[in-house]
Novice: 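Sharing a structure below in structure tokens format, with a few things to ask.
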Amino acid sequence: MAKIKAIRGMNDILPAQTPLWQYLEQNTRAVLSSYGYSEIRTPIVEQTELFCRSIGEVTDIVEKEMYTFDDRNGESLTLRPEGTASCVRACEEHGLIFNQVQRLWYTGPMFRYERPQKGRYRQFHQIGVETFGMAGPDIDTELLLLSARLWKALGISHAVTLQLNTLGSSEARAQYRDRLVAFLTEHRDQLDEDSLRRLSTNPLRILDSKNPQVQALLDSAPDFHACLDAESLAHFEQLKSNLDAAGIAYEVNPRLVRGLDYYGRTVFEWVTDKLGAQGTVCAGGRYDGLVEQLGGRPTPAVGFATGVERLILLLEAEACLPEHLKRATDVFISAQGDAAGRQAVLLAESLRDVLPWRVTLDCSGGSAKNKMKKAVNSGACVALLIGDAEMEQQVVALRPLRHSQDPQLVPFDQIAAVLTAATEYFEE
RNA sequence: GUGGGCGUAGCUCAGUUGGCAGAGCUCCGGAUUGUGAUUCCGGCGGUCGUGGGUUCAAGCCCCAUCGUCCACCCCA
């Protein structure tokens, strides 16, 4: 019989990896909390219509990447390909953005049917941040400061850079799109197959083509920023001067456009050159029209999403992680013989009552040498050994595993106090 | 959907022109020993991704298929 394996592009996160994920999650919660953001949790499945209306009908996500299926009652449902639409839907449904501002975040799995590659999977995880009801560049600034603080907390600031652009108002964007299409149509002989296709579907996307010939052609294309409306330009200028004042480095990239239809004005990406082709680690922007598009009142909004798998890859490659994350326990207790085994269970429980350290009891048997090896391999800082000799004297052999010291015999009733005082064994 | 690389022990990988299926690590047992190191001995572990074909003989050659990785497209 064929073995059942995980679905392509949907990965198990194994015990060797989960400490890294927890480290990332803990730091993220701490940073978001320090800015006063609240967590929101929405279902993983939504009505298909929600994503079609928000992301845009002609995007690749909606056209060919969604996990869509019929519920038993015939209703079309979709596994969420991103988090913003669900977040807006939930806020609107529960009146969270009616005459009030919100600062929200969420995390969880997203699903897109794509060919997996480095940093890109069919089930992937995002940490999303969304704000509602605030129209000025100060909230855009806040989001960028927040994300920069997160990189600092994670120790990856040196590995990411900020790309910034403004897409202007939808009128300005439409105007520019016409001029760009006119220009590119004139030079269509220089466009590759992909760009020709996008010329009719989503011409702005040609701006961030990876084809060097197309990029060369774009050097003589009409200037995006020359078409911008005065209001958007002022918003962008204010954002830039806020970032300058706060000491956040950025690079204005007039060819930065985002794939989802709902973005306007401010857009940004945190990118890295350490992850191969999938260099975008965090991206977002302003989507002032989306709430209205989904049936709500016109509501200004800005947000971003980070790819958790990509951050994990960066952490593995670039960050110095705390030593204790690399081991699963601190105190390893091993007993030999029935009486000692019963004593060890009670000892472990009593230590867990009072110690701040993690305590693991060896339940796997084996020879004395074998048990010692297991203690070392467990990653623990200290081994507690109980055999017949120890039982007779009512003591435990305490053996530090990371220092070259001889074992010390400690009476049962003093072991908690001795370990509590022995902080030097547990440092790092 | 398109292109390329790779599929041999739990892991990392050798495997010659087609001729008995291998090593290191891990794990288990033993010797030495400082209850953990070093060294040494032994053991467990395989439908060579799968299915066809060629051949006296296929891990190796041919065809198909699946999986995986990377890249394109797209995106976090």
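Chain A is the first sequence line, chain B the second, and so forth, proteins listed ahead of strands; every chain is numbered from 1. Here the structure is a predicted model, which is why all the values come from computation and not from measurement.
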Novice: Taking Gln394(A) for its side chain and Met391(A) for its backbone only, find out whether a donor-acceptor pair lies under 3.5 Å.
Specialist: yes

Novice: Testing the 3.5 Å rule here: is there a donor-acceptor pair between the side chains of Asp192(A) and Ser195(A)?
Specialist: yes

Novice: Quick one: do Glu349(A) and Arg352(A) make a salt bridge, cutoff under 4.0 Å?
Specialist: yes

Novice: Taking atom P in both A23(B) and U35(B), what distance in whole Å separates the two?
Specialist: 34 Å

Novice: Base, sugar-phosphate or nothing for Glu63(A)? Non-hydrogen atoms, less than 4.0 Å.
Specialist: nothing

Novice: Please report, rounded to the nearest Å, how far the C1' atom of G1(B) is from the CD atom of Glu193(A).
Specialist: 12 Å

Novice: Between Arg399(A) (CZ) and A37(B) (C1'), how many Å, whole number?
Specialist: 11 Å

Novice: With a 3.5 Å distance limit and no angle check, can you tell me whether Asp330(A) reaches the backbone of Ala380(A) through a side-chain donor-acceptor pair?
Specialist: no

Novice: Taking atom C1' in both U32(B) and U26(B), what distance in whole Å separates the two?
Specialist: 22 Å

Novice: Below 30° counts as parallel, above 60° as perpendicular, anything between as tilted: where do the rings of Tyr35(A) and Tyr37(A) land?
Specialist: perpendicular

Novice: Encode nucleotides 67-76 of chain B as B, S and - characters from 5' to 3', where the letter depends on protein heavy atoms closer than 4.0 Å: B to the base, S only to sugar-phosphate, - to neither.
Specialist: SS-SBBBBBB

Novice: Taking the P atom in each of G45(B) and G22(B), what is the distance between them to the nearest angstrom?
Specialist: 14 Å

Novice: Taking atom C1' of G36(B) as reference, at what distance in whole Å does atom CE of Met372(A) sit?
Specialist: 5 Å

Novice: Without decimals, in angstroms, what is the distance between Ile386(A) CD1 and U35(B) P?
Specialist: 18 Å

Novice: I'd like to know whether CG of Leu346(A) has more than 12 heavy-atom contacts from other residues, nucleotides or ligands below 6.0 angstrom.
Specialist: yes

Novice: Do Tyr287(A) and Gln293(A) have side-chain N/O donor and acceptor atoms under 3.5 Å apart?
Specialist: no

Novice: Does either side chain, that of Glu316(A) or that of Gln17(A), offer a donor lying less than 3.5 Å from an acceptor on the other one?
Specialist: yes

Novice: Report the residue from His225(A), Arg255(A), Glu269(A) that forms a side chain to side chain donor-acceptor pair (under 3.5 Å) with Asn165(A).
Specialist: His225(A)

Novice: With C1' as the reference atom in both, quote the distance from A58(B) to A71(B) in angstrom, rounded to an integer.
Specialist: 33 Å

Novice: How far does the C1' atom of U12(B) sit from the matching atom of G51(B), given to the nearest Å?
Specialist: 29 Å

Novice: Using Watson-Crick and G-U wobble pairs with both distances under 3.5 Å, what is the 5'-to-3' dot-bracket string of RNA chain B, with [ ] for crossing pairs and | for pairs outside the strand?
Specialist: (((((((..((((.....[..)))).(((((.......))))).....(((((..]....))))))))))))....

Novice: For nucleotides C61(B) and A14(B), find the distance between their P atoms and express it as a whole number of Å.
Specialist: 15 Å

Novice: Distance between the P atoms of C66(B) and A9(B), in whole angstroms?
Specialist: 22 Å

Novice: Which label fits Phe426(A) and Trp357(A): parallel for a plane angle under 30°, tilted from 30 to 60°, or perpendicular past 60°?
Specialist: parallel

Novice: Taking CG from Leu401(A) and C1' from G34(B), how many angstroms apart are they, rounded to a whole number?
Specialist: 14 Å

Novice: Hey, does the side chain of Asn377(A) come within less than 4.0 Å of G36(B)'s phosphate (OP1/OP2), counting only N and O?
Specialist: no

Novice: Rounded to whole angstrom, note down the P distance from U68(B) over to C62(B).
Specialist: 24 Å

Novice: Report which part of the nucleic acid Lys373(A) touches: base, sugar-phosphate, or nothing (heavy-atom distance under 4.0 Å, all strands).
Specialist: sugar-phosphate

